[in-house]
Every structure is written in C-alpha cells, then in structure tokens.
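Both ligands and their constituent atoms are indexed starting at 1 by order of listing. The analysis underlying the following values was restricted to heavy atoms, covering all of them including side chains, and did not include hydrogens, waters or symmetry mates.
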Amino acid sequence: MNPKIKVKNSSWIKFRKFSEKKGDLFVGELNRDLPFQIKRVFFIENFNNLKRGQHVHKKNEEIIFAARGSFVLTLDDGQIRQKIKINNPRFGVYLGKNLWREMSGFSKDCLIVSIASRKYEAGDYVHSYEDFIRAIKKK
Ligand code: TYD
C-alpha cells in the first residue's frame with residue numbers, strides 16, 4: 001500500500017495498467033488520470049549517489065515517477081517533511097507549486113520520468129531552502 005501523502009500540494013497519481021501476454025502498458029490521460037496539460041517531459045538516469053532536485057517551483061507543476069527501479073522522494077511543504085519510496089511505475093506523485101523536493105537513494109537501474117505543466121524557466125526555481133521557508137513565513 002502506498003503511504004498517505006501528508007504534505008500540502010501533493011498527491012498520488014495512478015496510471016492505468018493494461019497487462020497482457022505481450023507485456024504491461026501504462027497510460028495517463030488528461031482529466032481522467034492527469035490533473036494538468038503537459039508542456040514538457042524529462043527523464044533522468046545514470047545516477048551518481050548525489051541528491052537531485054533540491055528546489056521549489058513557483059508555478060510549474062509536475063508528476064514524477066520511476067518508470068524503472070526505485071528512489072526516495074523527500075517532500076517538504078515548509079511544515080511537514082515526508083520521505084516516500086517510489087518503486088512502482090503505476091504510481092506517480094503530483095508535485096504542486098511551492099513544494100520542496102529532493103530525490104535520493106536511486107537503484108542502479110532507476111529511470112525517473114517527470115512530466116511538467118510548464119516549459120523550462122530558470123526563473124521559476126527557488127534553489128535555497130532558506131529562501132523557500134522565508135517566503136512561506138511572509139504569506
Ligand atoms: P536540474 O534542475 O539541476 O536537475 P534536478 O533538479 O533533477 O537535480 O537540471 C539539470 C540541468 O538540466 C540544468 O543545467 C538545467 C537543465 N534542464 C533544462 O535545460 N531543461 C529542463 O526542463 C530541466 C528539468 C533541466
């Protein structure tokens with residue numbers, strides 16, 4: 001069972017799985033399974049035991065999942081910090097705005113796929129955890 005997501009602005013996304021003799025197919029379709037229109041997709045592999053992520057998006061929303069292998073996703077909404085093991089291609093995590101995320105603990109075969117609501121904008125990132133917390137306190 002997937003653990004309950006306790007941080008704000010995040011939830012599980014369930015892809016539909018079609019298992020047949022010829023193999024397994026996973027699908028996520030706008031409105032039915034996915035909460036936003038996709039503008040960008042990126043994959044990450046060949047990890048080096050170095051943490052990835054470590055930022056907040058001001059506007060961009062994402063869905064992140066392990067298409068293969070596993071990793072640990074750390075989420076922090078400024079009040080609650082939660083670590084979630086991601087190890088099933090059927091289950092992604094929705095990452096809303098203003099949510100600190102880190103990825104670590106990658107399996108050798110890990111392939112992370114991320115789908116995003118906006119094109120790449122360097123100015124949409126907050127790279128400092130302290131700045132993120134400061135911005136939340138001002139609200
Ligand atoms: P980075 O944001 O550091 O990855 P992560 O958050 O997973 O640790 O991105 C690595 C590099 O890729 C960085 O130079 C920016 C570039 N990049 C793009 O050009 N477009 C994109 O959509 C993304 C996600 C990254």
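Close approach to Arg40 involves these atoms of ligand 1, each under 4.0 Å from a residue heavy atom: 21 (C), 22 (O), 23 (C), 24 (C). Under a 4.0 Å criterion applied to the non-hydrogen atoms of His55, ligand 1 contributes the atoms 6 (O). Of all atoms in ligand 1, listed by their number and element, those nearer than 4.0 Å to a heavy atom of Ile44 are 7 (O).
Counting only heavy atoms of the protein, atom 5 (P) of ligand 1 lies nearest to Gly53 N, 3.4 Å. Considering only non-hydrogen protein atoms, atom 4 (O) of ligand 1 sits nearest to Arg52 NH2, 3.1 Å. Closest protein heavy atom to atom 25 (C) of ligand 1: Tyr120 CE1, 3.9 Å.
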Under 3.5 Å donor-acceptor pairs involving side-chain atoms of residues 90-98, not counting sequence neighbours:
unit_1 : atom_1 : unit_2 : atom_2 : d
Arg90  : NE     : Phe15  : O      : 3.0
Tyr94  : OH     : Glu61  : OE1    : 2.4

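Formation of a donor-acceptor pair under 3.5 Å by the Lys8 side chain with backbone atoms of Asp76 is not found in this model. The closest donor-acceptor contact from the side chain of Trp12 to the backbone of Pro3 lies under 3.5 Å. Distance alone, capped at 3.5 Å, is enough to place a donor-acceptor pair between the Ser107 side chain and the Ser70 backbone.
Within 4.0 Å of atom 22 (O) of ligand 1, at least one protein heavy atom is present. For atom 13 (C) of ligand 1, the nearest protein heavy atom is 4.0 Å or more away.
A donor-acceptor contact closer than 3.5 angstrom is absent between the side chains of Tyr125 and Asn60. Side-chain atoms of Glu62 and His57 include a donor-acceptor pair closer than 3.5 Å.
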